[in-house]
Amino acid sequence: MGLDTAEPRWFRGPNMNIGQIDASATVLAAATRVLAVTGAGVSAESGIPTFRGAGGLWEGHRATELATPGAFARDPATVWRWYQWRRGVCLEAVPNPAHRVLAEMDDVFPEFLLATQNVDGLHPQAGSSRLVELHGNIHQGRCTECEQVVPLPDQDVIDALPTCASCSALLRPHIVWFGESYRPGVLESALAFSQRAEVVIVAGTSAQVWPPIAVALRGQEAGAVLIDINPESTDLSVRADHYLAGPAGEVLPHLWDATRRRMT
Ligand code: BJW
Ligand code: ZN
């Protein structure tokens with residue numbers, strides 16, 4: 001869809017203007033090294049609830065209370081039930097235009113990295129390959145004893161908690177919870193790329209969790225142009241060089257359309 005046709009509602013919003021899209025497209029079209037950092041908002045239009053927005057509550061629990069090692073130690077059945085419910089939502093979901101545009105960028109830019117905080121698997125499903133899943137993947141489990149990582153069966157785990165086929169210990173979701181360290185190399189690769197990126201695109205994150213946001217800010221400190229896409233302004237939006245206010249599934253296709261027209 002071109003900018004001069006059917007302008008969506010958010011183009012005329014108080015924080016949004018075509019100049020921001022144009023300026024972002026101009027730097028992107030000239031770039032060869034692009035980093036994207038995504039959060040839950042990118043999957044919102046695929047029907048996956050965000051963590052801190054409406055729908056972030058599950059059976060009265062806040063997601064941020066359940067995604068901790070302490071919650072799992074106290075009550076693994078509840079935490080597993082929550083993950084099993086979320087896995088069901090993720091298995092039903094399909095990538096939206098935001099995921100697809102990021103996969104196209106992966107095909108086009110000579111150097112590209114997508115560092116996602118999302119565990120839903122929609123970025124790889126859309127075709128992104130130069131990808132780091134910073135917080136893991138909801139479809140994998142890890143043994144609490146021998147640390148073996150295994151694909152999870154689509155079975156109901158409420159009555160029988162999943163156990164390790166090798167040592168019979170309890171499995172846990174292969175996810176980075178609050179207070180836990182990142183898997184070796186994962187964060188380092190994103191931070192290293194951020195030092196060389198010319199453009200950093202951040203989309204769909206409340207920018208409350210560190211260190212993923214540090215990856216984006218380090219890129220900006222090292223000279224990259226920082227673009228933030230989110231319908232709501234965050235602490236990162238105010239530091240961004242360009243803040244594109246709107247849903248990622250609409251803004252990213254417009255931005256990409258404007259960029260491709262400048263590339264040809
Ligand atoms: C749209 C949209 C649309 C809606 N289009 N947008 C004090 C200060 C600073 C740091 C710390 C501190 N105390 C502790 C820390 C560190 C801590 C942290 O950051 N805490 C802060 C919350 C205070 N970080 C950690 O513990 C990390 N580990 C670590 O640092 O290790 C080193 C270390 C270890 C020990 C000691 C010291 C250092 C680990 C963080 C792991 C986070 N894990 C989770 C859950 C697991 C994943 C899962 O189960 O799925 O990851 S928490 C949760 O938040 C999840 C997300 O990936 C993450 C980020 O959330 P996200 O993606 O931003 O989602 P939301 O819901 O917050 O926002 C959605 C946004 O989308 C909103 O802005 C909407 O407006 C927008 N939106 N629709 C575009 N259509
Ligand atoms: Zn084991």
Side-chain angles (χ1 to χ4, degrees), residues 10 37-58 61-72 79-80 82-87 89-90 96-99 101-102 115-122 133-150 162-184 186-188 201-216 228-237 243-253:
W10 46 263
V37 179
T38 60
V42 157
S43 296
E45 289 155 88
S46 295
I48 300 180
T50 60
F51 290 91
R52 295 172 181 82
L57 270 185
W58 174 79
H61 301 280
R62 290 221 66 82
T64 44
E65 293 160 14
L66 293 168
T68 71
F72 188 70
V79 174
W80 263 120
W82 176 55
Y83 275 100
Q84 200 63 354
W85 170 76
R86 286 180 55 207
R87 286 188 68 214
V89 174
C90 295
N96 68 52
H99 299 105
V101 162
L102 289 164
T116 187
Q117 298 172 81
N118 299 345
V119 300
D120 54 38
L122 291 182
E133 293 178 306
L134 294 168
H135 292 159
N137 188 298
I138 200 163
H139 303 300
Q140 293 178 326
R142 186 170 79 241
C143 178
T144 53
E145 288 295 329
C146 74
E147 306 222 319
Q148 196 175 336
V149 175
V150 291
T163 52
C164 174
S166 303
C167 76
S168 304
L170 183 63
L171 289 183
R172 56 161 282 175
H174 185 43
I175 300 263
V176 181
W177 286 326
F178 280 115
E180 292 189 317
S181 300
Y182 287 72
R183 283 159 295 135
V186 167
L187 196 59
E188 291 79 358
I201 301 170
V202 178
T205 178
S206 60
Q208 292 191 27
V209 171
W210 292 76
I213 294 316
V215 172
D228 185 42
I229 301 171
N230 196 316
E232 307 293 332
S233 177
T234 70
D235 290 351
L236 196 84
S237 314
Y243 168 45
L244 312 183
E250 294 179 30
V251 173
L252 270 168

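Reckoned from all heavy atoms, side chains included, excluding hydrogens, waters and symmetry mates. Atoms within a ligand are numbered from 1 in the order they appear, just like the ligands themselves.
Residue contacts with ligand 1, taken as heavy atom pairs separated by less than 4.0 Å, involve A67 solely via side-chain atoms from C-beta onward. Residue contacts with ligand 1, taken as heavy atom pairs separated by less than 4.0 Å, involve T205 via backbone and side-chain atoms alike. Within the 4.0 Å heavy-atom criterion, both parts of A40, backbone and side chain, lie near ligand 1. At a 4.0 Å heavy-atom cut-off, ligand 1 touches T50 through backbone and side chain alike.
Within a 4.0 Å radius of atom 8 (C) of ligand 1, the protein has no heavy atom. Proximity of atom 2 (C) of ligand 1 to the protein is indicated by at least one non-hydrogen atom lying closer than 4.0 angstrom. Proximity of atom 15 (C) of ligand 1 to the protein is not indicated, since no non-hydrogen protein atom lies closer than 4.0 angstrom. Counting only heavy atoms, the protein gets under 4.0 Å from atom 70 (C) of ligand 1. Protein heavy atoms all stay at least 4.0 Å away from atom 12 (C) of ligand 1. Put simply, atom 38 (C) of ligand 1 has no protein non-hydrogen atoms near it, under 4.0 Å away. Less than 4.0 angstrom separates atom 33 (C) of ligand 1 from none of the non-hydrogen atoms of the protein.
Atom numbering of ligand 1 starts at 1 in the shown order; those under 4.0 Å from a heavy atom of E232 are 75 (O). Within ligand 1, the atoms closer than 4.0 Å to a non-hydrogen atom of V209 are 19 (O), 40 (C), 54 (O), 58 (C), 59 (C), numbered from 1 in the order shown. Counting atoms of ligand 1 from 1 in the listed order, those under 4.0 Å from a heavy atom of G39 are 62 (O).
Between T64 and ligand 1 there is no heavy-atom distance shorter than 4.0 Å.
Protein heavy atom in closest approach to atom 31 (O) of ligand 1: E180 O, 3.0 Å.
Residue G204 has at least one N or O atom closer than 3.5 Å to an N or O atom of ligand 1. Taking distance alone, with nitrogen or oxygen atoms compared against 3.5 Å, W82 stays at or beyond that limit from ligand 1. Of the polar atoms of G179, at least one N or O is found under 3.5 Å from an N or O of ligand 1, judged by distance alone. For a threshold of 3.5 Å applied to N or O pairs, the pair formed by N118 and ligand 1 contains no separation below that value. In terms of N/O distances under 3.5 Å, ligand 1 is approached by A248.
Of the options W210, F51, Y83, the smallest heavy-atom separation from atom 49 (O) of ligand 1 is shown by Y83. Distances from atom 47 (C) of ligand 1 to the heavy atoms of I48, L236, I175 put I175 nearest. For atom 48 (C) of ligand 1, the nearest non-hydrogen atom from the set E45, H135, R86 belongs to R86.
Applying the salt bridge (Lys or Arg N to Asp or Glu O under 4.0 Å) criterion to R172, with sequence neighbours excluded, gives E180.
Donor-acceptor pairing under 3.5 Å is recorded for the side chains of T38 and T116.
Ring geometry for Y182 versus H135: interplanar angle of 30 to 60°, hence tilted.
Taking distances strictly below 2.8 Å, the protein N/O/S atoms close to the Zn ion (ligand 2) are C143 SG, C146 SG, C164 SG, C167 SG.
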